Amino acid sequence: MSAHKSEFIQSVVERGYLHQCTDLEKFDARASEKSISAYIGFDCTASSLHAGSLVPIMLLRLLQKTGHKPFVLMGGGTTKVGDPSGKNDARKLLDDEAISANMAGIKQVFEKFLTFGDGPTDAIMVNNDDWLSGLEYISFLRDYGKHFSVNRMLTFDSVKLRLERDQPLSFLEFNYMILQAYDFMELARRMDCAAQMGGSDQWGNIVNGVDLTRRVLSKEVFGLTTPLLTTSSGAKMGKTADGAVWLNEDMLSPYDYWQFWRNTEDADVGRFLRLFTELPLDEITRLEALEGAEINDAKKVLADTATALCHGEVASTAARQTAETTFEQGGLGDKLPTFDVERARLDEGIPAFQLFREVELASSGGEARRLIKGGGAKVNDVALPSEVHVVTTNDLNSDGVIKLSAGKKRHALVNVI
RNA sequence: GGAGGGGUGUCCGAGUGGCUAAAGGAGACGGGUUGUAAACCCGUUGGCGUACGCCUACGUUGGUUCGAAUCCAACUCCCUCCA
């Protein structure tokens, strides 16, 4: 029943990773004959990747799991240029220092999802700065520039959309696709890389690389893109209340990460389970068929497995337990953010709005006041009557702490010292 | 180099001398409904203060005026067209 010969492509298709491929049949055939290698590039624009990058990461993981070799290309060089794809404005240019700091943060993410090493299917991380920075302008133009037609470059979305909307596109950015194409060719030459994968917005860049490799090396390589993920209600993946859903623990706690998946929209559960977990497909089919309140069980499975992949089993279980005690039993999970307050201050009493600001449930006194006025602020699950209400040692509960809540989902504990 | 247009709150975007902490929208936060979902409805949305209030804010600096986001000058950054 398997429509594709290779395990890799078969999984890519049935789990929903495929958007476009330059030649799916040939790619499939190649992957079924032997172990291939493929790469995905990541720019170093932030010190961590967020959930929006998770599809490509999972795709690399799948590649490795099915017996092939993944390359992670860090865009140390291309980040200096800035990818115009999908952007209205040129982004701020980062300096070398910022780029290498970002790269260090991003590396940590990959170490969780891929196995690196020297073995045949071990992942390898490369940095395109290694070959891009040393390029010489004239010889580069003569050797590679002749393969690019400006007429054609103008037809690619990344460029075309900017021009159509009369938005500026600098020559620097215009060169981005050439450099990315060069990356692909360079990897094909050095490491026999057979394919480049990426988000659908990378299609133009990838196709350029496939063409360049064919022209320069007379080698056939492949391009494959993943669908750009949005939630069913149209929001971009990876963005949420407090900003991006970061994959690094120091930027987003495992508990919050777990919560992100737990709060998946109903309509997305099946799709997300296929993309972001490695559960067998028949199990996923069963889970996504759940209806009404039962679908919450599927969301918990999603949260558990996705968090375990990113932060490990231990953190995932802890996050789940905290969530369960907090939401289902109204209790206190030990993973809730906890803040220490001196006993003396509490004896005197602390105005509620000030306390809420201190435990970071509100970013300013005004915000805390509004929260309290709106009835969203609770002390030990009891709504506060007024913003000047004073919290004292009398509010300590039987566990010796005070539970503060902003709305139903955000909680913090006050610990007396 | 020349000509023109523009820089407003998280973002987009109104606003051409007092009624402007600044319309509208988006986003965000809170409440309601529910299932820690979506959709929908309501409220809030510069900072500080219990409150009368005070402070900071419309690219930067200075000026005109009783009074300026609004007028003037210089500077700066961005965009468009021409060369």
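Side chains included, hydrogens not; waters and symmetry mates left out as well; all remaining heavy atoms used. Order of the sequence lines sets the chain letters (A, B, ...), proteins ahead of strands, with each chain counted from 1. The structure presented is a predicted model; accordingly, all values stated were derived computationally and were not measured.
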Requested in this report: Name all residues meeting the side chain to side chain contact (heavy atoms under 4.5 Å, CB included) criterion together with A:Val382; count only those two or more places apart in sequence or in a different chain, and write none if there are none.
Outcome: none
Report task. Can you label the angle between the A:His50 ring and the A:Trp246 ring as parallel, tilted or perpendicular, going by 30° and 60°? Result -> perpendicular
Requested in this report: Under the ring pair (Phe, Tyr, Trp, His ring centres under 6.0 Å) rule, collect the residues that match up with A:Phe42, sequence neighbours excluded.
Outcome: A:Phe110
Query raised in the report: Using the C1' atom in both, what is the distance from B:U61 to B:C11, to the nearest Å?
Result: 28 Å
**Report entry** Whole-Å C1' distance, B:A21 and B:A83
**Finding:** 47 Å
Using nucleotides 53-58 of chain B, report all nitrogen or oxygen pairs with the protein that are shorter than 3.5 Å.
none

Query - Residues in side-chain hydrogen bond (donor to acceptor under 3.5 Å, both in side chains) contact with A:Tyr144, at least two apart in sequence or another chain - result: A:Arg189
**Report entry** Counterpart base for B:G1, defined by Watson-Crick or G-U wobble contacts under 3.5 Å
**Finding:** B:C82
Query - Pairs touching residues 102-111 of chain A that satisfy salt bridge (charged side-chain N to carboxylate O under 4.0 Å, His left out), sequence neighbours left out - result: none
Query raised in the report: Does B:U70 have a Watson-Crick or wobble mate here (both distances under 3.5 Å), and if so which one?
Result: none
Query raised in the report: Which residues pass the side-chain hydrogen bond (donor to acceptor under 3.5 Å, both in side chains) test with A:Glu358, sequence neighbours left out?
Result: A:Arg345
Requested in this report: Could you tell me whether A:Asp211 and A:Arg214 have a side-chain N and a carboxylate O separated by less than 4.0 Å?
Outcome: yes
Polar atoms only, N or O, under 3.5 Å: list the protein pairs with nucleotides 44-47 of chain B and their distances.
unit_1	atom_1	unit_2	atom_2	d
B:G47	OP1	A:Ser364	OG	2.9
B:G47	OP2	A:Arg370	NH2	2.7

Query - Pair listing, ring pair (Phe, Tyr, Trp, His ring centres under 6.0 Å) test, anchored in residues 300-323 of chain A, at least two apart - result: A:Tyr257-A:His311
Would you give me the side-chain donor-acceptor pairs under 3.5 Å for residues 283-292 of chain A, sequence neighbours excluded?
unit_1	atom_1	unit_2	atom_2	d
A:Glu283	OE2	A:Arg286	NH2	3.3
A:Thr285	OG1	A:Leu281	O	2.8
A:Glu288	OE1	A:Arg274	NH2	3.2
A:Glu288	OE2	A:Arg274	NH1	3.4
A:Glu288	OE2	A:Arg274	NH2	3.0

Query raised in the report: Got a sec, which residues hit side-chain hydrogen bond (donor to acceptor under 3.5 Å, both in side chains) with A:Asp28, two or more places apart in sequence or on another chain?
Result: A:Ser6
Requested in this report: Could you check which nucleotide pairs with B:G9 in any of the strands shown, counting Watson-Crick or G-U wobble with both distances under 3.5 Å?
Outcome: none
Report task. Confirm from the modelled atom types if A:Lys408 and B:U34 form a donor-acceptor pair under 3.5 Å, side chain to base only. Result -> yes
Between the protein and nucleotides 20-26 of chain B, which nitrogen or oxygen pairs are less than 3.5 angstrom apart?
none

Query raised in the report: Given that both distances must come in under 3.5 Å, which nucleotide forms a Watson-Crick or G-U wobble pair with B:C29?
Result: B:G43
**Report entry** Members of residues 304-312 of chain A that approach RNA chain B, where some heavy atom sits under 4.0 Å away
**Finding:** none
Query raised in the report: Can you tell me how far P in B:G30 sits from the matching atom in B:G13, rounded to whole Å?
Result: 28 Å
